[in-house]
Amino acid sequence: MDHAVVIGASMAGLLSAAALHRRYARVTVIDRDTLPTVDVHRKGVGQSRHAHGLLARGREVMDELLPGLTAELVAQGALLGDLQSQARWIHGGQPLARAESGLLGLSLSRTLLEGQIRRRVTALPGVRVLDDRAVTSLLAQQGRVTGVRLANGDPMPADLVVDASGRGSRTPFWLSELGYDRPAEERVTIDLRYGTREFRRRPDQLDGDLVLVVVPTPEIPRGGVALALEDDRWVVTMAGYGGAGPELPLRQFAAFAETLTAPDLHRLITVAEPIGEPRSYHTPASVRYRYERLSRFPEGLLVVGDALCAFNPFYGQGMSVAALEAKALLDPDLRPLPFFRRITKVLDAPWDIVVGGDLRLPGVEGELTPKIRMVNAYLERFHAAAAHDADLARRFLRVANLMDAPPSLMSPGALLRVFRNGAPRALPALV
């Protein structure tokens, strides 16, 4: 048969199809939405109107799966820039030191990125993307998933089924139906409420920077992001933990920006021309399903994307992690439990970054371990030093962009620079 079925035309689903088409004669992507033929927001992506980060590693992997993707997006207006020299990262009220880092990121709308990936995937040999179809159950026999059943009752046989259906994944329920245990669930309750407005963009605004990120702190658990978009636009998303998000009318939106740890975003909002309709959104929790800890799992079924691990979206990790998971589908061994154990290595670093960062904040519910307390204390000092030390800032951004593992921040060289230069009023490093 040589057929793979992907549930969900999400970013994770489309990128999974891009990988699977190299291994299967036929790949079918099924989505319950009516998929647009142009780059517009769609119902099934509730967050599409908000700022979306594409990290440097995610962009690189997407280019591996779909060669030439970056160039195609730039030709359509996406902005390619260095994520240290052309981006303003503010931690604890202080911007990280600037320099050329070699970390190239794309600043663009979710609709442009998803639209171009969908066009590329649909054009791949043997790939079909079917919309207006819902999967209601799995087909299985003798310990193996053999396909899916659609809402109209039609069966769709497959050698492999990949669940990329997002936070609403039915796989835990389907496992119970087939006589398997559900996976353990890790949940960090954040009650994150955020709002987004778009503005006209002028080249002189933010001194030409393409990205501005103001990170929440324990004292001020609110943050914001401004990203330059195609068509001379800014998208500005601000968020508050514990249910205290921004109000959307312009005056209240600007007032919320004025409460952040740095004035940069407020200054932008007060001089830029607002356009379009504002939108709000709510993310109650970061959730991770521990499929790798199960002792039994049916062959022929895998889970990726938010169906496997749904991050706090403020960190911008989701699309890049989805790309790394899709790349893992190129591995010759697609037995489920070995796959989930390999994917654990992909997920652990971004999960630890997100959970550790959130557990610093009041009102966030989760297990604050001694290790997390120690790491957070070290990172506070690290960021204070990185405000004056461009090498430390680059090291941090390489970890945040999934290029390096978090332990690299504690290498002997990094430790020396941090403890020499990590006081709140640290002097610039001499080397």
Side-chain angles (χ1 to χ4, degrees), residues 1-35 44 65-66 117-118 120-183 289 291-292 294 296-308 322 325-340 342-343:
M1 184 164 47
D2 204 15
H3 180 212
V5 166
V6 179
I7 305 172
S10 60
M11 291 292 295
L14 293 170
L15 293 170
S16 295
L20 291 171
H21 104 280
R22 303 183 186 186
R23 305 192 53 181
Y24 290 83
R26 294 183 297 130
V27 178
T28 303
V29 182
I30 303 169
D31 199 276
R32 64 191 312 149
D33 261 7
T34 299
L35 299 176
L65 295 171
L66 296 167
I117 289 176
R118 188 167 56 244
R120 286 289 306 274
V121 169
T122 302
L124 292 171
V127 175
R128 297 184 301 164
V129 179
L130 305 179
D131 61 0
D132 294 317
R133 292 167 173 83
V135 174
T136 56
S137 62
L138 300 174
L139 305 177
Q141 58 182 16
Q142 299 179 342
R144 183 176 188 89
V145 169
T146 58
V148 300
R149 188 172 301 280
L150 304 181
N152 63 4
D154 290 345
M156 182 175 288
D159 300 287
L160 177 69
V161 174
V162 177
D163 179 6
S165 61
R167 286 178 178 260
S169 167
R170 299 277 289 163
T171 290
F173 172 77
W174 290 334
L175 288 176
S176 295
E177 281 193 326
L178 297 175
Y180 293 85
D181 292 335
R182 291 177 177 240
Y289 293 98
Y291 286 102
E292 79 280 3
L294 294 173
R296 295 172 59 245
F297 196 89
E299 296 296 316
L301 175 64
L302 300 175
V303 185
V304 297
D306 282 359
L308 178 61
E325 292 170 350
K327 184 179 179 180
L329 294 171
L330 298 175
D331 191 283
D333 184 2
L334 290 186
R335 290 175 300 154
L337 291 178
F339 174 83
F340 291 132
R342 289 196 305 273
I343 288 298

Hey, is the main chain of [Y] close enough, under 3.5 Å, to the side chain of [X] for a donor-acceptor pair?
{"X": "R144", "Y": "D159", "value": "yes"}
{"X": "T146", "Y": "P157", "value": "no"}
{"X": "R128", "Y": "R26", "value": "no"}
{"X": "R23", "Y": "D331", "value": "yes"}
{"X": "S165", "Y": "G8", "value": "no"}
{"X": "W174", "Y": "S169", "value": "no"}
{"X": "D163", "Y": "V303", "value": "no"}

Is the centre of the F339 ring less than 6.0 Å from the centre of the Y291 ring? no
Could you tell me the separation between the [atom1] atom of [X] and the [atom2] atom of [Y], rounded to the nearest 0.5 Å?
{"X": "D132", "Y": "L150", "atom1": "CG", "atom2": "CG", "value": "12.0 Å"}
{"X": "R118", "Y": "M11", "atom1": "CZ", "atom2": "CE", "value": "10.0 Å"}
{"X": "L175", "Y": "R182", "atom1": "CG", "atom2": "CZ", "value": "8.5 Å"}
{"X": "I7", "Y": "D31", "atom1": "CD1", "atom2": "CG", "value": "11.0 Å"}
{"X": "T171", "Y": "E177", "atom1": "OG1", "atom2": "CD", "value": "11.0 Å"}
{"X": "I117", "Y": "T122", "atom1": "CD1", "atom2": "OG1", "value": "11.5 Å"}

Between [X] and [Y], which heavy-atom pair has the shortest distance, and what is it?
{"X": "A25", "Y": "D2", "value": "N-OD2, 3.1 Å"}
{"X": "D33", "Y": "D131", "value": "O-CB, 3.0 Å"}
{"X": "H3", "Y": "T28", "value": "NE2-OG1, 2.8 Å"}
{"X": "A19", "Y": "L330", "value": "O-CD2, 3.5 Å"}
{"X": "P155", "Y": "L139", "value": "CB-CD1, 3.8 Å"}
{"X": "L337", "Y": "R296", "value": "CD1-N, 4.4 Å"}

Step-by-step side chain to side chain contact (heavy atoms under 4.5 Å, CB included) determination, L302 to L329: CA-CA 10 Å; L302 300 175; L329 294 171; 3.6 Å; yes
Test side chain to side chain contact (heavy atoms under 4.5 Å, CB included) applied to M156 and V5, step by step: CA-CA 8 Å; M156 182 175 288; V5 166; 3.8 Å; yes
Test side chain to side chain contact (heavy atoms under 4.5 Å, CB included) on I30 and V6 and set out the steps. CA-CA 6 Å; I30 303 169; V6 179; over 6 Å; no
Test item: [X] and [Y] side chains (from C-beta on) under 4.5 Å apart, heavy atoms:
{"X": "P125", "Y": "H21", "answer": "yes"}
{"X": "P298", "Y": "P336", "answer": "no"}
{"X": "R342", "Y": "D333", "answer": "yes"}
{"X": "E292", "Y": "I343", "answer": "no"}

Cation-pi between R170 and F173: NZ/CZ under 6.0 Å from ring centre and within 45° of the ring axis? yes
Should we count CZ of R335 as having more than 12 external heavy atoms under 6.0 Å? no
Assess whether side chain to side chain contact (heavy atoms under 4.5 Å, CB included) is satisfied between L294 and D181, documenting all intermediate values. CA-CA 7 Å; L294 294 173; D181 292 335; 4.1 Å; yes
